Number of protein chains: 2
Amino acid sequence: MTKKDHILECAEELFAENGYDGTSVRALAQKAGVNIAMISYYFGSKEELFANLVEYRVSVLRERIQGIQKVDASSMEKMERLIDVYVDRIFSQFRFHRILHRQISLQRRSELNELIIQVLMKNVDEVRKLINEGIESGEFRKIDADLLIVTLTGTVSQLTLSSALSSRIMGVETEGCYFKDDQVTDRIKVYMKDLVSQLLLK
Amino acid sequence: MTKKDHILECAEELFAENGYDGTSVRALAQKAGVNIAMISYYFGSKEELFANLVEYRVSVLRERIQGIQKVDASSMEKMERLIDVYVDRIFSQFRFHRILHRQISLQRRSELNELIIQVLMKNVDEVRKLINEGIESGEFRKIDADLLIVTLTGTVSQLTLSSALSSRIMGVETEGCYFKDDQVTDRIKVYMKDLVSQLLLK
DNA sequence: GTTTAATTTAAACGTTTGTTTAATTTTGCC
DNA sequence: GGCAAAATTAAACAAACGTTTAAATTAAAC
């Protein structure tokens, strides 16, 4: 891992903990064990570092979902596979996911936010296609596919973003974080698969 | 409205837009049209102002839900009423809701975060009681009530927090914000009622 | 081994931050 | 009207911010 990547990893951790504005360049340099000038040297500015972090992570975002589409299976089987992939992926990159959604939760419109939304919408379109195919083939009942996507992403986002609250709701102790507890992630997957089958199957 | 309240309203707006760390005391004073020293004069510090804002808003949080419990109705009717109340309430205070969840999405544990979670958990407990009563009476099928709550709050949070994304998903133009569009809120309520009935009824 | 470029450093840059001061104006009360 | 309390002001505070500089060190190339 290059030093540049190391700085990005540290930035990811600090941004997730304290937010973008709450993280100073000095604190980042100290955590990464580099001189403060190295941030400007590598990235130009703090904001460019952030943009770099987004690009650093989103490149793998879409491929997984597209992989599901290609498999020859029923729409419900695809949906279940989607849930496995989605939950695993978000949970394994929960820090980045947290930063991403904290950023777009700011109302101010920036180019960075536009970029983030564009990337996420590509994934949304993939999922919507999957749901609508199920509806058109008659396998699924008619449902507001848009809002179902909001529910699926919203549920997972709630679990990752507000983990301090969610762990209390679920009654699981969160030494470290529950994302890495297989028992908990299984519980979430089982629940979400039950959710989509109840909502989609006739 | 007192001047103090006026400052809190302005703070709510700025915090929702730029985040807590992203909002300077000077910018707040300017928006509120008061001298910068008035913030310290009224609240002591920026952080105390934030705590004051939380208390300013959460006092009405619980009463509405508790009101539903007292009505003599079926569990499903209560759930539907809950959705109406919850969606209306969050949407009417979407700025505050945004600030609240942005705050607890920070991993650092502060007394303020503990306070927020405690308040929110009281509401969670009310809803869980409602669901579990329906299950015990046999009206509802057995379901992971904890995660259903995560889904309900997560869906609404996704709609309010990431409104720029959600509006794109739903395909609604968001001149101003869609929270005030009755047609959209109705669509959301209809969807959520369908969701709970599909998930809870046998 | 010398030279050139890349990397790293300590120090300082000018702003902006949250907060405080001390003087001034406004308000309410007798 | 006079007086004490409350409200408001402009100015300044030290500290922290993101960024830049120019010198020192390391690495690579010939």
Side-chain angles (χ1 to χ4, degrees), chain A residues 1-56 99-100 102-103 106-113 115-116, chain B residues 1-56 99-100 102-103 106-113 115-116:
Chain A
M1 179 163 55
T2 71
K3 186 162 276 189
K4 207 173 168 183
D5 288 342
H6 174 63
I7 293 175
L8 284 175
E9 296 251 335
C10 292
E12 184 173 47
E13 207 167 316
L14 284 181
F15 287 159
E17 193 168 347
N18 306 310
Y20 175 79
D21 292 316
T23 303
S24 72
V25 178
R26 275 174 183 78
L28 170 55
Q30 189 179 8
K31 185 175 184 69
V34 300
N35 188 279
I36 185 177
M38 299 306 293
I39 274 81
S40 296
Y41 180 75
Y42 277 131
F43 304 96
S45 69
K46 184 185 179 186
E47 195 166 319
E48 286 176 87
L49 181 148
F50 192 106
N52 215 302
L53 178 61
V54 173
E55 290 193 2
Y56 178 64
I99 297 167
L100 212 66
R102 281 184 57 81
Q103 180 63 25
L106 295 176
Q107 276 174 281
R108 66 173 159 216
R109 292 179 172 273
S110 60
E111 339 168 10
L112 189 59
N113 277 18
L115 180 109
I116 294 173
Chain B
M1 181 161 57
T2 72
K3 186 161 275 188
K4 207 175 168 182
D5 288 342
H6 173 63
I7 294 174
L8 284 174
E9 296 251 334
C10 292
E12 184 173 46
E13 206 167 316
L14 284 181
F15 287 160
E17 192 169 347
N18 307 310
Y20 175 79
D21 291 316
T23 302
S24 72
V25 178
R26 275 175 182 76
L28 170 55
Q30 190 178 5
K31 185 175 183 67
V34 300
N35 188 279
I36 185 178
M38 300 305 294
I39 273 80
S40 296
Y41 180 75
Y42 278 130
F43 302 98
S45 69
K46 184 186 180 185
E47 194 165 320
E48 286 175 87
L49 180 146
F50 191 107
N52 216 303
L53 177 62
V54 174
E55 290 194 1
Y56 178 66
I99 297 166
L100 212 67
R102 280 183 59 82
Q103 180 62 23
L106 295 176
Q107 276 173 284
R108 67 172 161 218
R109 290 179 174 275
S110 60
E111 336 168 11
L112 189 60
N113 277 19
L115 179 109
I116 292 173

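All of these numbers come straight from a predicted model, not from anything done at the bench. Both backbone and side-chain heavy atoms feed into the values below; hydrogens, waters and symmetry mates do not. Here is the naming used below: chain letters follow the sequence lines, and residue numbers restart at 1 for every chain.
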Item checked: Whole-Å distance separating the NZ atom of A:Lys46 from the P atom of D:dA16 -> 15 Å

Check: Base, sugar-phosphate, or nothing for B:Tyr42, non-hydrogen atoms under 4.0 angstrom?
Finding: sugar-phosphate

Note to self: Without decimals, in angstroms, what is the distance between B:Ile39 CD1 and D:dT8 P?
What the structure shows: 11 Å

Checklist line | Considering all heavy atoms, the nearest A:Cys10-A:Ala32 contact | finding: SG-CA, 3.7 Å

Margin query: Test your reading of the model: is there a side-chain donor-acceptor pair from B:Arg102 to the backbone of A:Arg102, 3.5 Å cut-off?
Written below: yes

Notebook entry, point to check: What distance separates A:Glu12 CD from A:Glu17 CD, expressed to the nearest 0.5 Å?
Noted result: 12.5 Å

Notebook entry, point to check: What pair of heavy atoms forms the shortest contact from A:Ile7 to A:Leu28, and how long is it?
Noted result: O-CD1, 3.8 Å

Item checked: Over all atoms of both residues, closest heavy-atom pair of B:Leu106 and B:Asn113 -> O-ND2, 3.7 Å

Item checked: Point-to-point distance, once rounded to the nearest 0.5 Å, from CD of A:Gln30 to CG of A:Asn35 -> 12.0 Å

Show the atom names and distances, to 0.1 Å, of all donor-acceptor pairs under 3.5 Å that link a side chain in residues 43-53 of chain A to residues at least two apart or in another chain.
unit_1, atom_1, unit_2, atom_2, d
A:Ser45, OG, A:Glu48, N, 3.3
A:Ser45, OG, A:Glu48, OE2, 3.2
A:Lys46, NZ, A:Tyr20, O, 3.1
A:Lys46, NZ, A:Thr23, O, 2.8

Next item on the list: Extract, from 5' to 3' on DNA chain C, the first and final nucleotides lying under 4.0 angstrom from some heavy atom of chain A.
Entry: C:dA6 to C:dA12

Item checked: Sugar-phosphate, base or nothing in reach of B:Ser40, heavy atoms under 4.0 Å -> base

Checklist line | Short side-chain N/O contact to D:dA7 OP1/OP2 from B:Tyr41, under 4.0 Å | finding: yes

Check: Of the residues in residues 25-36 of chain A, which ones touch DNA chain D at a heavy-atom distance under 4.0 Å?
Finding: A:Val25, A:Arg26, A:Ile36

Checklist line | Distance in angstrom units between B:His6 NE2 and D:dT8 C1', rounded | finding: 15 Å

Next item on the list: List the steps and the verdict of side chain to side chain contact (heavy atoms under 4.5 Å, CB included) for B:Tyr42 and B:Lys3.
Entry: CA-CA 9 Å; B:Tyr42 278 130; B:Lys3 186 161 275 188; 3.9 Å; yes

Item checked: Atom-to-atom span, NZ of B:Lys4 to P of D:dA7 - whole angstrom -> 10 Å

Margin query: Show me the pairs that pass salt bridge (charged side-chain N to carboxylate O under 4.0 Å, His left out) and involve residues 19-34 of chain B, at least two apart or across chains.
Written below: B:Glu13-B:Lys31, B:Asp21-B:Arg108

Note to self: Just to be sure I understand the geometry, which residues of residues 13-20 of chain A put a non-hydrogen atom under 4.0 Å away from DNA chain D?
What the structure shows: none

Next item on the list: Rounding to 10 degrees, work out the angle separating the end axes of the helix from C:dG1-D:dC30 to C:dT26-D:dA5 (five pairs an end).
Entry: 10°

